[in-house]
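Below, each value reflects all heavy atoms present in this structure, side chains not excepted, and no hydrogens, waters or symmetry copies. We're numbering straight along the sequence, starting at 1.
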Amino acid sequence: MQTRICPETVALILERAQGNYREILQYAGVSEKVLHKPNQECPWCGGEDRFSFTDKFRKGDSYCRHCGHHSGVDLLMLIRNFSYKEALLYIADFFSIPVEEYRAVRRRKPIQRTRDSVERLWSSSRPIEEGDGAYLYLRSRGILGKLPPALRSIKSMRYSQQAENGQDWESSYFEGLIAEISDMHGKRVNLHRTYLEGGRKADVKTVKKVLSKELSGCSIRLGEYQPDGVLGLAEGIETALSASELFKVPVWSVIAAFNFKQFVPRQKTDPFCGCGSELCGTKRSLLRCRCFKAAVSRA
């Protein structure tokens with residue numbers, strides 16, 4: 001049985017940390033250059049000049065032009081490989097705050113309830129039409145071809161995130177792009193959600209989410225392929241669509257990098273990696289691509 005930090009203690013820790021995140025993060029090992037100079041390398045996505053630590057709201061705020069806003073607690077969790085609770089305990093130790101904990105029982109969602117949520121959200125979406133937020137977003141990413149039926153648009157989709165006290169949840173609503181995640185048999189088992197606002201990524205902590213944990217061996221089928229033809233694999237939806245337009249072959253998204261190894265097509269195909277590497281693109285160069293070597297296998 002896991003323990004949680006008492007809400008009153010969480011509130012006290014966050015209150016003491018406010019306005020002091022530079023000192024906390026520097027103590028945790030973040031370089032002074034990252035904390036005081038803008039346009040640094042992003043510790044999340046690796047972009048060379050996208051990240052700036054601003055502390056705009058005195059909560060250790062930082063912003064990356066690619067992956068969005070993060071708090072000081074988020075950055076501490078990343079650099080020290082902490083869970084949220086471990087990060088709070090680290091800050092409490094920094095300020096010598098005594099921590100009170102209590103035992104909590106975690107209740108798992110029944111499998112059927114998760115499947116019902118998948119079907120309910122899919123039913124509330126619709127095929128993408130010109131002018132939809134999803135349509136404008138994909139076109140802004142340079143994807144100009146016909147959009148596959150595995151992608152749909154939704155007018156209002158709930159976004160939930162944990163409140164600063166670590167106990168409650170806050171909700172807001174955005175338009176979005178819904179993608180159907182299928183298992184190896186082609187059955188819909190999960191949904192990928194991209195939160196949008198005005199045809200652009202919404203200004204939220206996590207822009208892209210999946211509805212459930214069922215991912216292993218699954219994919220987003222963004223095109224039809226012939227049993228003896230070529231099937232491309234890419235991590236993200238946008239990369240897959242772009243690779244398909246570029247190389248004129250169907251490319252599926254495996255959602256996350258670890259899933260390259262888990263993916264097994266039902267029929268024998270000539271595998272192709274759409275990872276975005278400059279080595280990808282020709283059959284001859286595939287053998288030199290580290291993603292292909294590590295991840296793509298024949299059925």
Subject >> Residues that Glu129 engages under salt bridge (charged side-chain N to carboxylate O under 4.0 Å, His left out), provided they are two or more places apart >> reply: Arg126

Subject >> Shortest non-hydrogen contact from His66 toward Cys45 >> reply: CD2-CB, 3.7 Å

Subject >> side-chain contact (heavy atoms from CB on, under 4.5 Å) partners of Thr54, counting only residues at least two apart >> reply: Ser52, Lys56, Asp61

**OP:** Start with the C-alpha gap between Glu245 and Ile143, add the side-chain angles, then the distance that decides, and say whether side-chain contact (heavy atoms from CB on, under 4.5 Å) holds.
**Re:** CA-CA 8 Å; Glu245 289 187 11; Ile143 298 161; 3.4 Å; yes

**OP:** Look at atom CD of Glu224 and say whether more than 12 heavy atoms of other residues, nucleotides or ligands are closer to it than 6.0 Å.
**Re:** no

**OP:** Could you state whether Phe51 and Val73 fall into the same hydrophobic cluster, counting links through intermediate Ile, Leu, Val, Met, Phe, Trp or Tyr residues with side-chain heavy atoms under 4.5 angstrom apart?
**Re:** yes

Subject >> Under 3.5 Å donor-acceptor, Asn190 side chain and Ser212 backbone >> reply: yes

Subject >> Ser244 side chain to Val249 backbone, donor-acceptor under 3.5 Å >> reply: yes

Side-chain donor-acceptor contacts of residues 21-29 below 3.5 Å, not counting sequence neighbours, with atom names and distances?
unit_1	atom_1	unit_2	atom_2	d
Arg22	NE	Leu35	O	3.0
Arg22	NH2	Leu35	O	3.2

**OP:** Identify the two heavy atoms, one from Val99 and one from Ala92, that lie closest to each other, and give their separation to 0.1 Å.
**Re:** CG2-CB, 3.6 Å

**OP:** With rounding to the nearest 0.5 Å, note down the distance linking CD in Gln40 to CG in Asp49.
**Re:** 9.5 Å

Original post:
How many angstroms lie between atom CG of Leu222 and atom CG of Leu147, to the nearest 0.5 angstrom?
Top reply: 10.0 Å

**OP:** For the pair Thr239 (side chain) and Glu235 (backbone), establish whether a donor and an acceptor sit closer than 3.5 Å, ignoring hydrogens and angles.
**Re:** no

Subject >> Distance in Å, Glu15 CD paired with Asn20 CG, rounded so as to fall on 0.5 Å steps >> reply: 11.0 Å

Original post:
Among the clusters formed by ILVMFWY side chains lying less than 4.5 Å apart, do Ile237 and Val251 turn up in the same one?
Top reply: no

Original post:
Does some side-chain heavy atom of Leu151 sit less than 4.5 Å from a side-chain heavy atom of Leu241?
Top reply: yes

Determine all donor-acceptor pairs shorter than 3.5 Å in which one atom belongs to a side chain in residues 177-184; sequence neighbours excluded.
unit_1	atom_1	unit_2	atom_2	d
Glu180	OE2	Arg188	NH1	2.6
Asp183	OD1	His185	N	3.0
Asp183	OD1	Gly186	N	3.1
Asp183	OD1	Lys187	N	2.9

Subject >> Heavy-atom closest contact (Val34 atom, Phe53 atom, distance) >> reply: O-CB, 3.6 Å

Subject >> Identified salt bridge (charged side-chain N to carboxylate O under 4.0 Å, His left out) partner of Asp74 from the options Lys59, Lys205, Arg80 >> reply: Lys205

Subject >> Test log, rule side-chain contact (heavy atoms from CB on, under 4.5 Å), inputs Leu75 and His70 >> reply: CA-CA 7 Å; Leu75 185 54; His70 294 94; 5.9 Å; no

**OP:** Could you walk me through whether Trp44 and Arg50 pass the side-chain contact (heavy atoms from CB on, under 4.5 Å) test, one step at a time?
**Re:** CA-CA 10 Å; Trp44 275 273; Arg50 299 170 173 170; over 6 Å; no

Original post:
Okay, side chain of Gln262, backbone of Asn259: is any donor-acceptor separation there less than 3.5 Å?
Top reply: no

Original post:
What pairs with Ser156 under side-chain contact (heavy atoms from CB on, under 4.5 Å), at least two apart in sequence or on another chain?
Top reply: Tyr173

Original post:
Mind checking what makes side-chain contact (heavy atoms from CB on, under 4.5 Å) contact with Arg16, not counting sequence neighbours?
Top reply: Leu12, Phe95, Ile97

**OP:** Output the distance between atom CZ (Phe174) and atom CD (Glu197), rounded to the nearest 0.5 Å.
**Re:** 5.0 Å

Original post:
Under the ring pair (Phe, Tyr, Trp, His ring centres under 6.0 Å) test, which residues partner Trp122, sequence neighbours left out?
Top reply: none

**OP:** Identify the heavy atoms of Ala134 and Ile128 that sit nearest to each other, and give their distance.
**Re:** CB-CD1, 4.1 Å

Original post:
Taking the side chain as C-beta and beyond, is there a heavy-atom pair between Glu48 and Glu41 under 4.5 Å?
Top reply: no

**OP:** Flag yes if more than 12 heavy atoms outside Arg200 fall under 6.0 Å of its CZ atom; otherwise flag no.
**Re:** no

Original post:
Of all heavy-atom pairs between Cys67 and Cys42, which one has the smallest distance, and what is that distance?
Top reply: SG-SG, 3.7 Å

Subject >> Residues forming a ring pair (Phe, Tyr, Trp, His ring centres under 6.0 Å) with Tyr90, sequence neighbours excluded >> reply: Phe82

**OP:** Could you list the residues that satisfy salt bridge (charged side-chain N to carboxylate O under 4.0 Å, His left out) with Lys85, not counting sequence neighbours?
**Re:** Glu101

Subject >> Ile5 reachable from Phe94 in the ILVMFWY side-chain graph, under 4.5 Å edges >> reply: yes

Original post:
Of the non-hydrogen atoms in Lys209 and Ser160, which two are nearest, and what is the gap between them?
Top reply: NZ-O, 2.7 Å

**OP:** Report yes or no: do Ile154 and Val207 belong to one cluster of Ile/Leu/Val/Met/Phe/Trp/Tyr joined by side chain heavy-atom distances under 4.5 Å?
**Re:** yes

Original post:
Is any side-chain heavy atom of Gln161 closer than 4.5 Å to a side-chain heavy atom of Val204?
Top reply: no

Original post:
For Leu144, what are the other residues in its hydrophobic cluster, where any two members join if their side-chain heavy atoms are less than 4.5 angstrom apart?
Top reply: none

**OP:** Would you please test Arg193 and Leu211 for side-chain contact (heavy atoms from CB on, under 4.5 Å) and show each step?
**Re:** CA-CA 7 Å; Arg193 299 165 290 172; Leu211 194 58; 3.7 Å; yes

**OP:** Report whether Ile91 and Val30 are members of the same hydrophobic cluster (ILVMFWY, side-chain heavy atoms less than 4.5 Å apart, transitive linking).
**Re:** yes

Subject >> Cys218 SG to Leu215 CG distance, which is reported to the nearest 0.5 Å >> reply: 6.5 Å

Subject >> Straight-line distance of Leu191 CG to Arg120 CZ, nearest 0.5 Å >> reply: 11.0 Å

**OP:** Just jot down the side-chain contact (heavy atoms from CB on, under 4.5 Å) partners of Ser219, sequence neighbours excluded, or say none.
**Re:** Arg221, Trp252, Phe263

Subject >> Partner set under ring pair (Phe, Tyr, Trp, His ring centres under 6.0 Å) for Tyr159, not counting sequence neighbours >> reply: Tyr195

Subject >> Stepwise salt bridge (Lys or Arg N to Asp or Glu O under 4.0 Å) test for Glu238 and Lys208 >> reply: CA-CA 12 Å; Glu238 298 89 342; Lys208 298 181 179 183; 2.9 Å; yes

